[in-house]
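What's counted below: heavy atoms across the whole structure, side chains too, no hydrogens, waters or symmetry copies.
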Amino acid sequence: MKWSKYFSPTIKEIPADAQVASHQLMLRAGLIAQECAGIYYWLPQGLKVLRNIMRIVQEEQDKAGFNEILIPTLQPTDLWQESNRYDGYGKEMLRIKDRHDRELIYGPTAEEAVTDIFRRYVKSYKDLPMVLYQIQWKFRDEIRPRFGVMRGREFLMKDGYSFDISEEAARETYRKVMKTYIAIFQRIGLQAMPVRADTGPIGGDLSHEFLIVAETGESTIYYDKAFDDLKLDGSDDDLDKLMAIYSATDELHDAESCSIPIEQLRYKKGIEIGHIFYFGDKYSKTMNAKVMDESGKLSAVYSGSYGIGVSRMVAAIIEASHDEHGIVWPESVAPFQFGLLNLKIAHEQTTKLCEDIYACFQKENKTILYDDRKEGAGAKFSDMDLIGLPWQIIVGPKNAEENKVELKNRKTGERAVISVEGLYERFLQG
RNA sequence: CGGGGCGUAGCGCAGCCUGGUAGCGUGUCUGGUUUGGGUCCAGAAGGUCGGAGGUUCGAAUCCUCUCGCCCCGACCA
């Protein structure tokens, strides 16, 4: 992509309405723009990041054998009456009336809708376990949205729902989902901690929050220091260890009754980007989602639901990965892998070399943003640092004349002048 | 919803207290200049001062109402 043709508006000034780093940077780097309180436009670069995260989530969910579906954003109120959540959900739920005065809601979650799909088709235990998931925009009319997409009213969420014949089986499914979560966060390249969370009225130990560790996080996590030494790779072994180690959200943690000695206790700040929990037959009973079990009896299914805040994760990643110059994208989600800076458009050799590099990278489907704008070198350096692409290929007249470029790593700040051949060898096949 | 704050040029802000021809920085456009960290110079365009009503000879400024946005609290992927 050539920047001169790309809609990627960067802002030098810090927007007045943004308080936290991720919000400021998302606006300044041209990822999002505010439509109204808690609702945002997604501009090209922001959309690319969103899609990259979605893709990783989808791949890991599909790999585990989960089925992706898509629930409409609008849902009829009947289902919510049926599950007895219609009145309980309160003002957070956006209610809309159509021309026939029929009331609809803009879905804040989809337990009812998914249960409705499930009960229509699945009649036998032989079809279980089943996990259905979607990635869809949700709306929760928060009293006070804030921090940009970190806590917006409209947000993109991956929500999954599991159906099992027994609590034991449901527990297995829960673990399976947990493994996919660990894999997802690992691929994104951030330290995400699964932390035991409040299970609400159901009780038991089957609820975890996943938090991206960031200084600016709003939640505090308490955990056994053994956690720090654990390398999570998603194996069953690790999962067992993980489940055994003490961890708790700040609501759950109680210094008095904490099961581990104080010298073993650690705490960190984090941003919640995932929450999974088991809720048993809560909805299957009220909504009559039953299957025939082995003995020929109708049995309500046991369920759990599993969320990942996809749009929030964009902000959370930035909170965890930025510096004073701008965003520092992990390669896994970066809008482009490479930024190519032409420092002097008017210099024939420089521009020729840039065009060559651009063509070669494109040919091998490397995502590259070529800054071919008629801007000064300083502006290009600043903008490129701001948008945070992992690799910068800097081409100026002096180096161009010797067929050399400067390669800069955004994260480490390391720079090296290398030959064009060296550049190709490093990143390209042919 | 309670408490606080802000709406003036695309963006960031001053002017308001004490009413009298709407300003600064930046960005945009034009010409020149510069070219490894947002160069410099000159010129230009751009605002019904969030909206409505009122007071006044005269309102960005004073009064009333209203809409929007931000921050703190209770809620949350």
Would you classify A:G307 as touching base, sugar-phosphate or nothing, given that sugar-phosphate means primed atoms plus P, OP1 and OP2, and contacts are heavy atoms under 4.0 Å? nothing
Decide whether A:E112 and A:S83 meet the rule of one side-chain donor and one side-chain acceptor closer than 3.5 Å.
-> yes
Give a yes-or-no answer on whether the side chains of A:K158 and A:Y181 include a donor-acceptor pair shorter than 3.5 Å. yes
Atom CG of A:D198 and atom P of B:rC75 are separated, to the nearest Å, by 12 Å
Whichever of A:S382 and A:F147 has the more 5' nearest nucleotide on RNA chain B, that residue is A:S382
To the nearest angstrom, the CD-C1' distance between A:Q392 and B:rG36 comes to 12 Å
| task | May I ask you to check whether A:S207 and A:H275 show a side-chain donor-acceptor distance below 3.5 Å? | result | yes
Atom CG of A:L386 and atom P of B:rG38 are separated, to the nearest Å, by 15 Å
| message | What's the gap between B:rG27 and B:rA44 when it is taken at their C1' atoms, as a whole Å value? | response | 14 Å
Partner of B:rA59 under the Watson-Crick or G-U wobble criteria, both distances under 3.5 Å, comes out as none
Of A:V395 and A:E218, the one whose nearest nucleotide on RNA chain B sits closer to the 5' end is A:V395
Going by atom types alone, do A:Y106 and A:R153 pair a side-chain donor with an acceptor below 3.5 Å?
no
To the nearest angstrom, the CD1-P distance between A:I143 and B:rC70 comes to 15 Å
B:rG38 -> Watson-Crick or G-U wobble partner, both distances under 3.5 Å, gives none
Determine whether the side chains of A:Y306 and A:S162 contain a donor N or O and an acceptor N or O closer than 3.5 Å.
yes
**Prompt:** Which value, in whole Å, describes the distance between the P atoms of nucleotides B:rG51 and B:rU61?
**Reply:** 10 Å
Separation of the C1' atoms in B:rC49 and B:rG2, to the nearest angstrom:
31 Å
Rounded P spacing from B:rG10 to B:rG50 in Å
13 Å
| field | Donor-acceptor side-chain pairing of A:D159 and A:Q136 below 3.5 angstrom | value | no
Scan the side chains in residues 332-346 of chain A for donor-acceptor partners under 3.5 Å anywhere in the protein, sequence neighbours excluded, and list what turns up.
unit_1	atom_1	unit_2	atom_2	d
A:S332	OG	A:R187	O	3.2
A:S332	OG	A:I188	O	2.9
A:Q337	NE2	A:E331	O	2.8
A:N342	OD1	A:K344	N	3.0
A:N342	OD1	A:I345	N	3.3
A:N342	ND2	A:T351	OG1	3.2
A:N342	ND2	A:Y370	OH	3.0

Under a 3.5 Å limit on both distances, the Watson-Crick or wobble mate of B:rC6 is B:rG68
Item checked: Separation of the C1' atoms in B:rU35 and B:rC40, to the nearest angstrom -> 12 Å
note: A:M150, atom CE; B:rC76, atom P; distance rounded to Å ~ 18 Å
Margin query: Using a 4.0 Å heavy-atom cut-off, does A:K408 contact any base of the nucleic acid, only the sugar-phosphate backbone, or nothing at all?
Written below: base
query: What nucleic acid atoms does A:D159 come within less than 4.0 Å of, heavy atoms only: base, sugar-phosphate, or nothing?
result: nothing
Exercise for review: Assess whether atom NZ of A:K179 is packed by more than 12 heavy atoms of other residues, nucleotides or ligands within 6.0 Å.
Suggested key: yes
- request: Taking only the side-chain nitrogens and oxygens of A:R140, find out if one of them lies under 4.0 Å from OP1 or OP2 of B:rC75.
  value: no
Residues of residues 6-41 of chain A with a heavy atom under 4.0 Å from any atom of RNA chain B, listed by number, are A:K12, A:E13, A:I14, A:A16, A:D17, A:Q19, A:Q34, A:C36, A:A37
Could you give the distance separating B:rA22 and B:rG46 at their C1' atoms, to the nearest angstrom? 13 Å
In numerical order, the residues of residues 83-94 of chain A whose heavy atoms come under 4.0 Å of RNA chain B are A:E92
message: Whether A:R146 contacts B:rG73 is assessed here as follows: a side-chain N or O lying under 4.0 Å from the phosphate OP1 or OP2. Is that the case?
response: yes
Exercise for the section: Could you measure between the two P atoms, the one in B:rA45 and the one in B:rA52, and give it in whole Å? Expected result: 27 Å
Picking from B:rG36, B:rC75, B:rC72, the nucleotide nearest the side-chain atoms of A:I394 would be B:rG36
For A:F381, the ring pair (Phe, Tyr, Trp, His ring centres under 6.0 Å) test, sequence neighbours excluded, returns none
A:D385/A:K408 ion pair, N-O < 4.0 Å
yes
To the nearest angstrom, the CZ-P distance between A:R151 and B:rA77 comes to 9 Å
Could you list the protein-to-nucleotides 31-35 of chain B atom pairs, N/O on both sides, closer than 3.5 Å?
none

Contact check, residues 316-326 of chain A vs RNA chain B, heavy-atom distance under 4.0 Å, returns none
Partner of B:rG12 under the Watson-Crick or G-U wobble criteria, both distances under 3.5 Å, comes out as B:rC24
* Please test A:Q58 against A:Y133 for side-chain contact (heavy atoms from CB on, under 4.5 Å), starting from the C-alpha separation and ending with a verdict. => CA-CA 9 Å; A:Q58 284 165 330; A:Y133 80 96; 3.7 Å; yes
query: Will you find, in the side chains of A:E209 and A:T249, an N or O donor that is under 3.5 Å from an N or O acceptor?
result: no
Mind checking A:G152 for me? I need base, sugar-phosphate or nothing, with any heavy atom below 4.0 Å counting as a touch.
base
*Can you check whether A:F155 stacks with the B:rA77 base, using ring centres under 5.5 Å and planes within 30°?*
yes
Applying the 3.5 Å cut-off to both distances, the Watson-Crick or G-U partner of B:rG19 turns out to be none
Here the distance between atom C1' of B:rA77 and atom CE of A:M54, to the nearest Å, is 15 Å
Rounding to the closest angstrom, what is the interatomic distance between B:rC24 and B:rG47 at atom C1'?
14 Å
Worksheet item: Salt bridge check: are A:D323 and A:K411 linked by an N-O gap of less than 4.0 Å?
Response: no
Please confirm whether the ring centroid of A:W137 lies under 6.0 Å from the ring centroid of A:F155. no
By the Watson-Crick or G-U definition, both distances under 3.5 Å, B:rC1 is matched with B:rG73
Checking B:rG36, B:rG38, B:rA77 against the side chain of A:M157 (C-beta onward), the nearest is B:rA77
From the list A:E414, A:R426, A:Q392, side chain to side chain contact (heavy atoms under 4.5 Å, CB included) partner of A:L407 resolves to A:R426
So, A:E111 and A:S305: side-chain donor and acceptor under 3.5 Å apart, yes or no?
-> yes
Would you call A:K269-A:D250 a salt bridge at under 4.0 Å N-O?
-> no
Practice prompt. With heavy atoms under 4.0 Å as the rule, sort A:E272 into base, sugar-phosphate or nothing.
Written response: sugar-phosphate
Taken to the nearest whole Å, CD1/A:I188 to P/B:rA77 is 18 Å
Anything under 30° is parallel, anything over 60° is perpendicular, the rest tilted; go ahead and classify A:Y278 against A:Y302. parallel
A:E406 has its side chain closest, among B:rA74, B:rC72, B:rG36, to B:rG36
